[in-house]
Q: 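Please find one structure pasted underneath; my questions will follow.
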Amino acid sequence: MDHGENPVSIELQEPAEPVPQLLKLISSNEVAGFDSIMEGETPVFPNPTNSSQPNGHQRKLSISISMPSSPTGATSAGTKNVLFVQDNAKGFKNGVPESCVGSKAKPKGVKFLSQPMPKGSVFGEGANMNQNPNVKKFKDKRFDSFKTWSGKLERQLTNLRGRQQESESEDDSVRPSENEALPVDRYFDALEGPELETLRASEEIVLPDDKTWPFLLRYPISSFGICLGVSSQAIMWKTLATATSTKFLHISLTVNLILWWISVALVAIVASIYLTKVILYFEAVRREYYHPIRVNFFFAPWISLLFLAIGVPPSVASSLPVALWYVLMTPFLCLELKIYGQWMSGGQRRLSKVANPSNHLSVVGNFVGALLGASMGLKEGPVFFFAVGLAHYTVLFVTLYQRLPTNETLPKELHPVFFLFVAAPSVASMAWANIQGSFDYGSRIAYFIALFLYFSLAVRINFFRGFKFSLAWWAYTFPMTGAAIATMRYSSAVTNVVTQTLSVILSVVATLTVTALLVTTILHAFVQRDLFPNDIAIAISDRKPKSHRRWFNLNRHGSSEHNADIDTFLKFANGDAKDIEAALKISSAETK
């Protein structure tokens with residue numbers, strides 16, 4: 001064939017087996033208007049290196065690869081890869097490789113085996129990306145088990161998007177039951193300590209323990225203790241300004257007004273945050289409610305509202321509607337029917353099992369409600385709640401004084417809650433004075449009990465120092481303020497220098513304590529940011545851990561000495577550490 005004619009494309013020989021042809025050698029001039037410049041046309045992009053080069057200059061080899069338009073078309077049989085070369089290009093002659101020219105043998109067909117692209121490799125639909133441990137680290141769904149909207153609704157939306165659901169075997173291990181709450185046995189089996197806040201060594205939690213949880217999951221119901229301390233201060237300064245025995249101090253009601261508005265703002269902030277937790281993490285709130293100790297703190301929000309009603313400044317409202325008392329006392333009645341019934345009926349939630357100074361919160365609300373109702377002019381309602389509170393306070397007082405040998409002592413971090421012993425008799429003395437109309441002997445008996453408990457705890461200085469700050473410290477404030485207010489009421493009935501001095505001293509101590517705790521709380525919350533650690537008590541698993549066969553193996557393969565030591569250890573396992581040590585020494589001595 002003459003060189004002047006149009007170049008002819010030579011195809012590579014097809015192999016014997018039917019394999020799709022992937023590469024094809026053709027001339028660039030064979031396809032009209034493709035990668036070529038016709039005579040008489042001005043190139044749009046002239047040669048940047050040498051513009052004076054003739055039109056027949058050689059070009060570099062270019063490779064054009066046909067790619068599928070979508071991942072689904074990656075395995076299309078009609079897709080072929082084509083190699084384009086220009087006429088007289090280096091290494092080619094008339095479109096034929098020079099290595100093939102002069103050779104009698106025909107060029108061998110080259111076999112190319114294409115690998116199909118996995119479906120979804122581009123968009124992440126088909127490939128299981130969760131197999132990568134690094135991806136799992138950044139895609140942690142363990143918090144979803146506590147989210148309100150992460151259950152069936154989210155899975156249905158996932159199905160509507162057409163995405164395949166992941167295997168639920170992994171989620172089932174961390175997702176709590178959506179219909180049933182944790183039984184009380186799990187709290188006692190998985191947690192230890194008098195407040196059931198410490199996780200046992202053999203237990204695991206359903207939330208990651210190597211990272212800080214979301215703020216709402218770390219925000220406990222006990223945060224309302226701050227509201228109790230500040231709002232009780234508003235009542236105290238109102239009493240200082242209006243009581244006859246403290247008129248010589250000339251306290252203005254402006255202090256009461258400022259503290260009351262601060263208390264209103266604080267209660268609104270704390271309640272809003274916890275209400276957000278109820279909406280977004282309802283499972284966490286439900287676990288707190290079924291916690292045998294935490295349930296007592298559900299009285300705190302309503303007690304705070306009662307304090308705001310009692311301490312309302314005269315400039316804001318001279319009198320409150322009676323209907324407000326019934327609205328505020330309805331939650332108390334509902335909670336008490338549940339908790340007091342459990343104390344009496346027995347089971348794991350019986351009082352001898354869950355007795356703790358925090359239980360005073362479930363009792364003191366009766367006296368605060370009676371105090372507010374009597375100040376409004378009500379009679380039967382306040383007497384009813386006073387009687388209920390008095391009966392259960394007597395039982396609780398005796399139970400806490402005579403703790404069973406199986407009950408653990410409070411650790412240092414929880415020593416401030418002992419001041420809750422002072423709260424109930426202090427408020428009870430004022431409530432009975434409002435019911436009777438005077439600070440008579442009944443009120444004085446309750447006040448003297450509170451005063452004795454106050455001083456019996458105050459003289460034990462070493463008992464309340466040397467431990468880390470926590471929200472439990474706010475247990476100081478409300479009882480100390482209540483004792484100061486009761487002292488002012490008693491001083492109004494028995495006015496002398498001693499009672500007046502005592503009123504001033506207790507008021508100053510309560511004010512300094514609340515101020516110091518408020519500043520410390522702000523520093524720990526916003527500066528050090530360690531006020532709300534991970535709340536382990538709500539993250540326990542709903543399944544018991546697998547039993548280990550350590551003792552079984554020792555008994556099976558161990559000697560008789562080991563068996564005797566094990567039996568002795570199990571016999572005295574519920575005793576103190578010294579008893580166990582002594583028992584082990586006895587057993588070792590017997591074997592000699």
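We use all heavy atoms of the structure for the numbers below, so side chains are in, but hydrogens, waters and symmetry mates are not.
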Q: Just grab all the side-chain hydrogen bond (donor to acceptor under 3.5 Å, both in side chains) pairs involving residues 508-520, residues at least two apart or on different chains.
A: Gln233-Thr511

Q: Tell me the closest heavy-atom pair linking Trp213 and Ala539, and the distance in Å.
A: CH2-CB, 3.5 Å

Q: Looking only at atom types and distance, does a side-chain atom of Arg186 sit under 3.5 Å from a main-chain N or O of Ser541, one as donor and one as acceptor?
A: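 Checked: pair present.
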
Q: Could you list the donor-acceptor pairs under 3.5 angstrom formed between side-chain atoms of residues 365-388 and any protein atom two or more places apart in sequence or on another chain?
A:
unit_1, atom_1, unit_2, atom_2, d
Asn366, ND2, Glu336, OE2, 2.8
Asn366, ND2, Tyr340, OH, 3.2
Asn366, ND2, Val363, O, 3.1
Ser375, OG, Leu371, O, 3.3
Ser375, OG, Leu372, O, 2.6
Lys379, NZ, Ile435, O, 3.3

Q: Checking Arg287 against Asp535 for the salt bridge (Lys or Arg N to Asp or Glu O under 4.0 Å) test, could you report, in this order, the C-alpha distance in whole Å, the side-chain angles of both residues, the deciding distance, and whether it holds?
A: CA-CA 11 Å; Arg287 287 187 172 219; Asp535 195 0; over 6 Å; no

Q: Mind checking side-chain hydrogen bond (donor to acceptor under 3.5 Å, both in side chains) for Tyr187 and listing every partner two or more places apart, or none if nothing turns up?
A: none

Q: Please round to the nearest 0.5 Å and tell me the distance separating atom CD1 of Ile445 and atom CG of Asp440.
A: 8.5 Å

Q: To check you understand the geometry: which heavy-atom pair defines the closest contact between His360 and Phe421, and what is its length?
A: NE2-CD2, 3.6 Å

Q: I would like to know whether Val494 and Arg444 meet side chain to side chain contact (heavy atoms under 4.5 Å, CB included); could you show each step before the answer?
A: CA-CA 10 Å; Val494 182; Arg444 297 181 186 186; 3.9 Å; yes

Q: Are Phe215 and Phe532 close enough that their ring centers fall under 6.0 Å?
A: yes

Q: Is a donor on one side and an acceptor on the other found under 3.5 Å between the side chain of Thr148 and the backbone of Phe282?
A: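 Judged by distance alone, yes, a pair lies under 3.5 Å.
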
Q: I want to check something: taking the side chain as every heavy atom from C-beta on, are Ser429 and Phe439 in contact at a cut-off of under 4.5 Å?
A: yes

Q: Let me confirm one number: the OG-CG distance from Ser315 to Asn256, rounded to the nearest 0.5 Å.
A: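 Answer for the OG-CG pair, Ser315 versus Asn256, is 7.5 Å.
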
Q: Apply side chain to side chain contact (heavy atoms under 4.5 Å, CB included) to residues Arg294 and Ser222 and explain how you reach the verdict.
A: CA-CA 8 Å; Arg294 292 279 186 90; Ser222 56; 5.6 Å; no

Q: What's the spacing between Thr330 OG1 and Leu335 CG if we round to 0.5 Å?
A: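 The distance works out to 11.0 Å.
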
Q: Run the side chain to side chain contact (heavy atoms under 4.5 Å, CB included) test against Thr244 and tell me which residues pass, sequence neighbours left out.
A: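 Residues passing side chain to side chain contact (heavy atoms under 4.5 Å, CB included) with Thr244: Ser492.
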
Q: Passes side-chain hydrogen bond (donor to acceptor under 3.5 Å, both in side chains), Trp473 versus Thr521? Steps please.
A: CA-CA 10 Å; Trp473 283 35; Thr521 302; over 6 Å; no

Q: Out of curiosity, Leu207 CG to Ile538 CD1, how far, rounded to the nearest 0.5 Å?
A: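 Going from the CG atom of Leu207 to the CD1 atom of Ile538 covers 7.0 Å.
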
Q: State, yes or no, whether a side-chain contact exists between Ile235 and Thr481 at a heavy-atom distance under 4.5 Å.
A: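 Not touching, per the 4.5 Å side-chain cut-off.
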
Q: Below 3.5 Å, can you tabulate the donor-acceptor pairs from side chains in residues 270-280 to any protein atom, sequence neighbours excluded?
A:
unit_1, atom_1, unit_2, atom_2, d
Ser272, OG, Ala268, O, 2.6
Tyr274, OH, Glu288, OE1, 2.6
Thr276, OG1, Ser272, O, 2.8
Lys277, NZ, Tyr219, O, 2.7
Lys277, NZ, Glu288, OE1, 3.2

Q: Tell me, do Leu531 and Phe526 make a side-chain contact under 4.5 Å, heavy atoms counted?
A: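 Result no, sub-4.5 Å side-chain heavy-atom pair not found.
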
Q: Looking only at atom types and distance, does a side-chain atom of Arg200 sit under 3.5 Å from a main-chain N or O of Leu191, one as donor and one as acceptor?
A: yes

Q: Using side chain to side chain contact (heavy atoms under 4.5 Å, CB included), reason through Ile540 and Glu203 one step at a time and then give a plain yes or no.
A: CA-CA 8 Å; Ile540 60 175; Glu203 292 286 338; 5.8 Å; no

Q: As a quick check of understanding, evaluate side chain to side chain contact (heavy atoms under 4.5 Å, CB included) for Asp209 and Ile536, giving each step before the final call.
A: CA-CA 9 Å; Asp209 56 354; Ile536 303 297; 5.7 Å; no

Q: Can you give me the closest heavy-atom contact between Ala486 and Ser426, atom names plus distance?
A: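 Of all heavy-atom pairs spanning Ala486 and Ser426, the closest is CB-O, 3.9 Å.
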
Q: With sequence neighbours excluded, what pairs up with Tyr326 under the ring-ring contact (aromatic ring centres under 6.0 Å, His included) test?
A: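 Partners of Tyr326 under the ring-ring contact (aromatic ring centres under 6.0 Å, His included) test: none.
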
Q: Name all pairs fulfilling the side-chain hydrogen bond (donor to acceptor under 3.5 Å, both in side chains) condition that reach into residues 296-308, sequence neighbours left out, sorted by first residue then second.
A: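 Matches after skipping sequence neighbours: Asn296-Asn359.
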
Q: Less than 4.5 Å apart, side chain to side chain, heavy atoms only: is that true for Val364 and Phe478?
A: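 Heavy-atom side-chain distance check passes, below 4.5 Å.
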
Q: Is the shortest heavy-atom distance from the side chain of Asn534 to the side chain of Lys211 under 4.5 Å?
A: no

Q: Return the set of residues passing ring-ring contact (aromatic ring centres under 6.0 Å, His included) with Phe452 (not counting sequence neighbours), or none when no residue passes.
A: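 For Phe452 there are no ring-ring contact (aromatic ring centres under 6.0 Å, His included) partners, ignoring immediate neighbours.
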
Q: Would you please name every residue forming a side-chain hydrogen bond (donor to acceptor under 3.5 Å, both in side chains) with Ser223, sequence neighbours left out?
A: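 Listed in chain order: nothing, the list is empty.
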
Q: Give me each pair satisfying salt bridge (charged side-chain N to carboxylate O under 4.0 Å, His left out) with a member in residues 214-240, each pair once, sequence neighbours excluded.
A: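 Output for this query is empty, none listed.
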
Q: Could you check whether any side-chain N or O of Arg349 sits under 3.5 Å from a backbone N or O of Trp343, counting only pairs where one atom can act as donor and the other as acceptor?
A: no

Q: Measuring from Leu512:CG to Met480:CE, what's the distance to the nearest 0.5 Å?
A: 9.0 Å

Q: If you take all heavy atoms of Ser231 and Leu308, which pair is closest and at what distance?
A: CB-CD2, 4.2 Å

Q: Work out which heavy atom in Trp260 is nearest to a heavy atom in Val312; give both atom names and the distance.
A: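 Heavy atoms only, the tightest pair is NE1-CA, 3.4 Å.
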
Q: Between Phe448 and Tyr490, is the ring pair (Phe, Tyr, Trp, His ring centres under 6.0 Å) condition met? List the steps.
A: CA-CA 10 Å; Phe448 290 147; Tyr490 174 73; 5.6 Å; yes

Q: Mind checking whether Tyr289 and Lys338 have side chains closer than 4.5 Å, heavy atoms only?
A: yes

Q: Less than 4.5 Å apart, any side-chain heavy atom of Met488 and any of Met236?
A: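 They are in contact (side-chain heavy atoms under 4.5 Å apart), so the answer is yes.
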
Q: Return yes if some donor-acceptor pair links the side-chain N/O of Ser443 with the main-chain N/O of Met430 below 3.5 Å, else return no.
A: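 Looks like no, no N/O pair under 3.5 Å.
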
Q: Sequence neighbours excluded, which residues qualify as side-chain hydrogen bond (donor to acceptor under 3.5 Å, both in side chains) partners of Tyr447?
A: Thr487

Q: So, do Thr477 and Ser232 sit near enough that their side-chain heavy atoms are less than 4.5 Å apart?
A: no

Q: According to side-chain hydrogen bond (donor to acceptor under 3.5 Å, both in side chains), who are the partners of Gln528, at least two apart in sequence or on a separate chain?
A: His524

Q: What closest approach, in Å, do Ala300 and Leu228 show between heavy atoms, and which atom pair accounts for it?
A: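 So the two residues come closest at O-CD2, 3.8 Å.
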
Q: Can you tell me how far CG of Leu400 sits from OG of Ser352, rounded to the nearest 0.5 angstrom?
A: 11.5 Å

